[in-house]
Amino acid sequence: GPGIMASTAPASLEAQEGLPSRAPRRRRGRVVGIIRRNWRPLAGRIDPLSARAAEGEADGAQLVQFRPAERRMPPVLLLTRRAAELADCLVVVGLDQWPVGAPQPLGHFVSLLGRAGDKQAETQLLLHEFGVPHGAFSAAVMACLPPAGWAITPEVAREGGRQDLRHLPVVSIDPPGCKDIDDALHCIRLPNGRLEAGVHIADVTYFVQPDTALDREAAARSTSTYLVDRRLDMLPGYLTTELCSLRSSEDHLAFSVIWQMDDQANILDVRFCKSVIRSVASLTYDEAQVMLDEPASAASSPLSSSVRLLNQLARLLRQRRIDTGALTLASPEVRFKLDADSQHPTDVCMYALKEANALVEEWMLLANITVAKKTLRHFPTLGVLRRHCPPSREMFAPLLAAAGAVGVQLDISSSKTLADSLDRAERPDDPYFNKLLRILSTRCMMPAQYFCSGEVPKDQFHHYGLAAPVYTHFTSPIRRYADVLVHRLLAAAIEVAPLPAANADRAKQREQCAHMNRRHRAAQHAQRASVNMHTIMFFRNSPCREPAYVLSVAADRFSVLIPRFGVEGPISLPGLCSALAKQQGQQVGFEVCAVAHSLQVFLQDSVKGKGKMLLQLQVFQKVQVFISVEGDGQGAGHLSIALVLHDTVLSG
């Protein structure tokens, strides 16, 4: 942050400032000087009104107002000779100074992103705002890649003790159209009656050597970012979609974790190895689900047999995790259907999860936990782990109160008690109610964090959501740099490669973990902003009525969630009363009950005060809403949600 000089405020600060006296709840201070400002270029929109007003000024530089996308920043004044050209455009502006006593800072034009409302320009704005790297890879990075047409030779297949597993019925299961396939699975019955199951992960570290330009770029980016209409890769496309993508009917280098289990999914043995695999099929989740839905008596190929065995074990592993307290949470995730030419959204719907999704998830979790234990055993102070801290009661307090208001008691004393109470929270007439509680519970959680094992006490390694004592990320090295670090640790643990100097430096591990956490948050924010942008584009052309649920009730508004679209937003109570007053021809009032998380809207009676009841709502109640987009038609606009009552849209 900016360099700031501060002093501890005396106890009588309120009296000095003429404010009512109150007992301070925490230490307070006063800014006495700013050493330097941590300014960065801002992206946003030139106010079209100020630009048009400037058109009439004399020739030369004209003063226009710039509104940053970062809402915490005030409008910025800048001098430009391009006022007419920049009217209602998205631009990048640099800050110059903020004179003492001035309400707004002064800045200068840096670059033009495009016209407000244009999809490409709006995408560039969100990438800039969240600092997501999206430029082309440098020549130095590209020089680290193997030549075009590179192939696995017999020498490569044997070096470093690499094992040839091309005889196994390995299969990948991914969303349709997936290009960066970084994981594959297999399961077979051994002659001794045991089951052998394997998770095979792209051997990215064979190509990303330590401390090369490619490695440094991957470390800086730390993660791939998935927007609605594009993927911004951590690594060059030649690696992500060709050499390291475990496509079927091709030989690929992998890092494998292979377990021997009994039929009850008890682990009897585990081994780790660098390998060569040849996937027999690249299935979509739907294709894998068809195999799982086939009658057990149906004749099966080695492929379908492998998928069924994997699922049989995954069910047992999942139940075991749930029994120990793992949470089953949810999010209102949606998928857009995009026009092939314009890439504009033509439809949006909830993302449906199938048992095939859970199958893959379970094996990835087991691989991550198994590798975490292995690397931590060999490198107790250098492990790259991922923890999820337990939520505080304060974070859950609003949800506990809202759930209690409708007769649902959530017990958050442990992940196990929370999981059990969520399982009990059912409404027979409304199956979405349980998912809604899980969505809101997810929002009460702390985000998971990467950390270096030598920097955190062992009793804080625990992953609350997964109920796992230790956890890491190993299964997606194509798109996460944390997994690259973990691959190097595991390779050193099984003695097939030396530990790179950077991995052996605890301070560097700590710094890289902090950086990966920042980059992960930025990627998440950018992804949400992309979803929001496409949602607005969709509803600008397709306003509609949809069922929704009341999420919360506040003093002057209530918020709703529309399950089909994963959209939520507020409805103003004064605006609602104004619309009803026009409809009724009489004053309308409202009353909010904070304890019951409910509200009443009624006609105001000059004698009784509260007249005819028009509307009663409570948290988690199902309602009908109308979704549209408001704006001047030039910029992106914003989503508007209005209540529908008796087939009338009440837009205030």
Side-chain angles (χ1 to χ4, degrees), residues 332 397-409 425 427-433 435-437 439-440 443 535-536 539-540 542-633 637-652:
L399 177 57
L400 294 176
V406 296
V408 173
Q409 302 303 316
R427 283 181 174 174
D429 59 336
D430 188 359
Y432 192 77
F433 174 69
K435 182 174 181 179
L436 186 60
L437 285 178
I439 290 171
L440 295 177
R443 297 178 182 182
T535 300
I536 289 172
F539 286 113
R540 185 187 293 282
S542 307
C544 64
R545 298 185 184 190
E546 278 293 323
Y549 286 83
V550 177
L551 284 184
S552 63
V553 178
D556 61 347
R557 68 178 64 86
F558 63 97
S559 63
V560 297
L561 170 70
I562 300 98
R564 179 188 166 192
F565 301 117
V567 167
E568 64 182 87
I571 295 178
S572 163
L573 285 174
L576 176 62
C577 290
S578 175
L580 281 169
K582 291 177 184 177
Q583 181 193 70
Q584 300 287 328
Q586 187 177 339
Q587 286 292 101
V588 173
F590 68 88
E591 189 174 273
V592 172
C593 178
V595 175
H597 291 257
S598 64
L599 64 91
Q600 296 178 337
V601 180
F602 46 82
L603 292 176
Q604 288 188 329
D605 188 291
S606 57
V607 178
K608 299 179 182 178
K610 186 186 294 186
K612 177 185 175 183
M613 193 66 61
L614 300 176
L615 174 67
Q616 297 185 77
L617 291 178
Q618 190 176 26
V619 68
F620 306 131
Q621 184 174 330
K622 199 171 183 179
V623 295
Q624 195 81 5
V625 298
F626 180 74
I627 318 161
S628 60
V629 172
E630 292 184 352
D632 56 15
H638 64 274
L639 213 59
S640 172
I641 302 176
L643 187 70
V644 177
L645 189 63
H646 306 309
D647 210 36
T648 301
V649 177
L650 300 172
S651 181

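Here, residue 1 is the first one in the sequence, and each next residue gets the next number.
In this structure, Asp430 and Leu436 have side chains that are not in contact, with every pair of non-hydrogen atoms separated by 4.5 Å or more. For the pair Val629/Leu639, a side-chain contact is recorded, criterion being any heavy-atom separation below 4.5 Å from C-beta on. The shortest side-chain heavy-atom distance between Tyr549 and Ile439 does not fall under the 4.5 Å cut-off. Side-chain atoms of Phe539 and Cys544, non-hydrogen and from C-beta on, do get closer than 4.5 Å to each other. Within the 4.5 Å cutoff, no side-chain heavy atoms of Leu645 are placed close to those of Val623. Here the side chains of Leu650 and Gln583 are in contact, with some heavy-atom distance below 4.5 Å. By the 4.5 Å heavy-atom criterion applied to side chains, Ser598 and Val553 are not counted as neighbours. Val649 has its side chain within reach of Arg545: a pair of non-hydrogen atoms, C-beta onward, lies under 4.5 Å apart.
Gln618 contributes a side-chain N or O that, together with a main-chain N or O of Ala596, makes up a donor-acceptor pair within less than 3.5 Å.
To the nearest 0.5 angstrom, Gln616 atom CD is 10.5 Å from Glu591 atom CD. Rounded to the nearest 0.5 Å, atoms OG1 (Thr648) and CD (Gln624) are 12.0 Å apart. How far CD of Gln604 is from NZ of Lys612: 15.5 Å, rounded to the nearest 0.5 Å. Here the CZ atom belonging to Phe558 is positioned 6.0 Å from the CG atom belonging to Leu576, to the nearest 0.5 angstrom. Distance check, rounded to the nearest 0.5 Å: CG of Leu561 to OG of Ser552 gives 11.0 Å. Considering CG of Leu440 and CG of Leu400, their distance stands at 11.5 Å, rounded to 0.5 Å.
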Exercise for review: Evaluate the side-chain contact (heavy atoms from CB on, under 4.5 Å) criterion for residues Arg443 and Leu551: first the C-alpha distance (whole Å), next the side-chain angles of each, then the deciding distance (0.1 Å), finally the verdict.
Suggested key: CA-CA 12 Å; Arg443 297 178 182 182; Leu551 284 184; 4.1 Å; yes
**Study point:** Step-by-step side-chain contact (heavy atoms from CB on, under 4.5 Å) determination, Leu603 to Val588
**Key:** CA-CA 5 Å; Leu603 292 176; Val588 173; 3.9 Å; yes
Point to revise | Residue pair Arg427, Val406: steps toward the side-chain contact (heavy atoms from CB on, under 4.5 Å) verdict | key: CA-CA 11 Å; Arg427 283 181 174 174; Val406 296; 3.7 Å; yes
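Closest of all the heavy-atom pairs between Val592 and Ala555 is CG2-O, 3.8 Å. Closest of all the heavy-atom pairs between Ile562 and Glu546 is CG2-CB, 3.7 Å. Looking at every heavy atom in both residues, Phe590 comes nearest to Cys577 through CD2-SG, 3.5 Å. Residues Gln409 and Gly404 come closest through the heavy atom pair NE2-CA, 4.0 Å. Between Ala548 and Pro563, the closest heavy-atom pair is CA-CD, 4.2 Å. The two atoms that bring Ile571 and Ala642 nearest to each other are CD1-C, 4.1 Å, heavy atoms only.
A donor-acceptor pair shorter than 3.5 Å can be found between the side chains of Gln600 and Lys610.
For Gln584, the CD atom is densely surrounded, since the number of other residues' heavy atoms within 6.0 Å is greater than 12.
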